[in-house]
Amino acid sequence: MEVWFLFSLASVLLNGLGAFSIKVAAHRDYNSKFVVFVTGVGTLLILLPAALILHSLTTLTSQLISFSLVSGLAISWVAVTKINTLRYIDTTIYFPLFKVVSPMI
């Protein structure tokens with residue numbers, strides 16, 4: 001089986017797990033910034049060794065690192081906003097709206 005296909009399956013499964021964990025964090029009133037920080041560190045600890053095993057350090061260009069940092073900050077901001085929003089809105093309203101509006105943006 002191709003590596004890209006395995007990564008796409010893992011991406012789909014982890015995305016669903018991420019959406020579920022964000023709802024749990026909002027429901028239990030966890031600190032949203034801490035939850036996002038721990039998730040980011042965990043992702044870095046898992047994916048950085050995998051990237052280094054599949055490719056060498058020479059593939060890490062300054063453009064790639066800059067893009068990764070900017071996208072990580074944007075994703076973190078969206079996750080913190082999701083957690084804070086889910087404290088006030090039911091998931092049956094929020095997630096369909098999010099899935100329809102976010103592709104339009």
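Each residue takes its place number in the sequence, starting with 1.
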Ile83 side chain reached by Val36 side chain, heavy atoms, under 4.5 Å: yes
Sub-4.5 Å side-chain heavy-atom contact between Lys82 and Tyr94: yes
Closest non-hydrogen atom pair between Asp29 and Arg87, with its separation: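 Minimum heavy-atom separation between Asp29 and Arg87: OD1-NE, 3.1 Å.
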Taking every non-hydrogen atom, the tightest pair across Ser71 and Ser68: OG-O, 3.1 Å
Co-membership, hydrophobic cluster, residues [X] and [Y], 4.5 Å side-chain:
X: Ile53; Y: Leu47; value: no
X: Leu17; Y: Leu44; value: no
X: Leu64; Y: Leu69; value: yes
X: Val78; Y: Val35; value: no
X: Leu6; Y: Ile46; value: no

Any chance you could measure [X], atom [atom1], to [Y], atom [atom2], to the nearest 0.5 Å?
X: Phe37; Y: Thr39; atom1: CZ; atom2: OG1; value: 10.5 Å
X: Leu14; Y: Thr43; atom1: CG; atom2: OG1; value: 8.0 Å
X: Ile93; Y: Thr85; atom1: CD1; atom2: OG1; value: 12.5 Å

Donor-acceptor contact present, side-chain Asn84 to main-chain Val80, <3.5 Å: yes
Sidechain-backbone polar pair: Ser76 side chain, Gly72 backbone, donor-acceptor under 3.5 Å: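 Side chain of Ser76 to backbone of Gly72: a pair is present.
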Side chain to side chain donor-acceptor pair (under 3.5 Å) partners of Thr92, counting only residues at least two apart: Asp90
